[in-house]
4 protein chains.
Amino acid sequence: MAVADHISAAVDTGKLRPGSRLPPERELAESYGVSYMTVRRAMKELRERGVVVSVHGKGTFIAEPSGD
Amino acid sequence: MAVADHISAAVDTGKLRPGSRLPPERELAESYGVSYMTVRRAMKELRERGVVVSVHGKGTFIAEPSGD
Amino acid sequence: MAVADHISAAVDTGKLRPGSRLPPERELAESYGVSYMTVRRAMKELRERGVVVSVHGKGTFIAEPSGD
Amino acid sequence: MAVADHISAAVDTGKLRPGSRLPPERELAESYGVSYMTVRRAMKELRERGVVVSVHGKGTFIAEPSGD
DNA sequence: GTGGTCTAGACCACA
DNA sequence: GTGGTCTAGACCACG
């Protein structure tokens with residue numbers, strides 16, 4: 001999944017650091033040139049992978065590394 | 001409530017006809033110069049008055065007159 | 001709705017008695033760990049259910065049972 | 001009026017510049033050690049004097065000098 | 001890509 | 001010093 005992989009890679013390479021907030025989902029949709037639904041699916045996948053944590057009404061944040 | 005009354009008046013004068021779809025709530029917010037939440041309240045009021053019907057994921061439509 | 005249900009239950013079990021005043025909405029927001037607007041919605045719901053009565057400038061009170 | 005005069009003086013001496021936002025009214029009440037109502041009265045006076053402009057939901061701002 | 005719920009916090013109306 | 005309305009903008013649920 002392009003969006004999820006792109007963000008995941010940015011986390012791996014340190015471009016996105018734990019605790020930092022991602023751009024809003026609607027903005028991501030626009031900047032990636034994909035639909036909002038596609039971004040939502042990508043975020044869901046990243047949450048399930050433990051890469052990000054979403055907080056309703058606040059934003060989506062890069063997760064703290066658990067114990068990897 | 002300015003937004004609700006304005007839309008209600010447009011329905012009364014026939015500018016908005018039963019079955020027609022309103023612009024998206026976010027667009028209404030921008031065009032009326034109010035915040036999204038204010039539009040949400042206005043839509044809620046119009047729904048309770050029976051002026052419009054909202055369909056999740058599809059849009060908000062001018063209601064058919066009930067028993068006029 | 002968590003806040004509304006919690007208060008409603010406290011009324012049902014007699015922990016909150018008719019006529020008693022709820023804590024201020026801002027305090028409820030803090031103690032429930034939700035935003036002020038969420039408490040406002042909950043209070044609106046409770047008012048519509050007839051569980052509480054709000055008096056502008058004075059507070060929100062547990063309603064007297066109507067015809068129980 | 002102590003609060004109004006204090007803020008007005010801060011504007012005159014340039015400590016508060018046109019366009020800058022005042023602290024929230026509740027915060028002003030606390031920092032001046034007065035009641036919220038007292039701050040509201042002070043703000044009203046400052047608005048009438050043309051010293052500040054309040055915007056609902058956004059804040060209270062030091063007014064631009066008109067044509068003095 | 002819409003409507004729906006939420007965070008966070010501002011000023012307003014009232015007694 | 002309370003309840004009430006608003007700004008600004010986030011994520012969520014649904015087709």
Side-chain angles (χ1 to χ4, degrees), chain A residues 21-30 34-41 43-44 47 52-61, chain B residues 1-3 21-30 32-47 52-61, chain C residues 1-3 21-30 32-47 52-61, chain D residues 21-30 34-41 43-44 47 52-61:
Chain A
R21 197 179 77 175
L22 288 177
E25 294 173 341
R26 281 180 166 80
E27 203 173 301
L28 287 172
E30 200 168 345
V34 299
S35 79
Y36 182 62
M37 199 180 64
T38 301
V39 169
R40 289 281 303 154
R41 249 189 275 118
M43 290 301 106
K44 185 182 180 192
R47 277 194 298 275
V52 302
V53 176
S54 296
V55 183
H56 195 160
K58 297 188 74 167
T60 297
F61 304 85
Chain B
M1 193 178 283
V3 176
R21 198 180 78 173
L22 288 177
E25 294 175 338
R26 284 165 181 84
E27 205 172 300
L28 287 173
E30 198 168 348
Y32 280 102
V34 299
S35 81
Y36 178 62
M37 285 305 298
T38 300
V39 169
R40 292 281 305 148
R41 279 163 179 272
M43 290 301 106
K44 184 174 185 190
E45 184 174 318
L46 289 172
R47 278 194 298 275
V52 302
V53 176
S54 295
V55 183
H56 194 162
K58 300 201 73 170
T60 298
F61 305 84
Chain C
M1 193 178 281
V3 176
R21 198 181 79 172
L22 289 176
E25 293 175 339
R26 283 164 183 85
E27 206 173 300
L28 287 173
E30 200 168 348
Y32 279 103
V34 298
S35 80
Y36 178 63
M37 285 305 299
T38 300
V39 169
R40 292 281 304 148
R41 279 165 180 271
M43 289 301 106
K44 185 176 183 188
E45 185 174 317
L46 290 173
R47 278 194 297 275
V52 303
V53 176
S54 295
V55 183
H56 194 161
K58 299 199 73 169
T60 298
F61 305 85
Chain D
R21 197 179 77 175
L22 289 177
E25 295 173 340
R26 281 180 166 81
E27 203 174 301
L28 286 173
E30 200 168 344
V34 299
S35 79
Y36 182 62
M37 197 181 63
T38 301
V39 168
R40 289 282 302 154
R41 250 190 273 118
M43 291 301 106
K44 185 182 180 191
R47 277 195 297 276
V52 302
V53 175
S54 295
V55 182
H56 195 160
K58 298 187 74 169
T60 297
F61 304 84

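Annotation: side-chain contact (heavy atoms from CB on, under 4.5 Å) contacts of D/V34 (sequence neighbours excluded): D/V3, D/Y32, D/T38, D/V39. Qualifying side chain to side chain donor-acceptor pair (under 3.5 Å) partners for A/R47, counting only residues two or more places apart in sequence or in other chains: A/S54. The salt bridge (Lys or Arg N to Asp or Glu O under 4.0 Å) test applied to C/R40 returns C/E25, not counting sequence neighbours. With sequence neighbours excluded, the residues that form a side-chain contact (heavy atoms from CB on, under 4.5 Å) with B/V55 are B/K58, B/F61. For C/P23, the side-chain contact (heavy atoms from CB on, under 4.5 Å) test picks out C/E27, C/L28, with sequence neighbours left out. The ring pair (Phe, Tyr, Trp, His ring centres under 6.0 Å) test applied to D/Y36 returns no partner, not counting sequence neighbours.
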Output field dot_bracket for DNA chain F (Watson-Crick or G-U, both distances under 3.5 Å, | for other-strand pairs) contains ||||||||||||||.
N/O to N/O distances under 3.5 Å, protein versus nucleotides 13-15 of chain F:
| from | atom 1 | to | atom 2 | distance (Å) |
| --- | --- | --- | --- | --- |
| F/dA13 | N3 | B/H56 | NE2 | 2.6 |

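Expressed to the nearest 0.5 Å, how far OG of A/S35 lies from CE of A/M37 amounts to 4.5 Å.
Using a 4.0 Å heavy-atom criterion, one finds that C/S54 contacts the sugar-phosphate atoms exclusively.
Taking every heavy atom of both residues into account, A/M43 and A/V52 meet most closely at O-CG2, 4.1 Å.
On the nucleic acid side, DNA chain E contacts chain C at distances under 4.0 Å to non-hydrogen atoms, with the end points of that region at E/dC6 to E/dA15.
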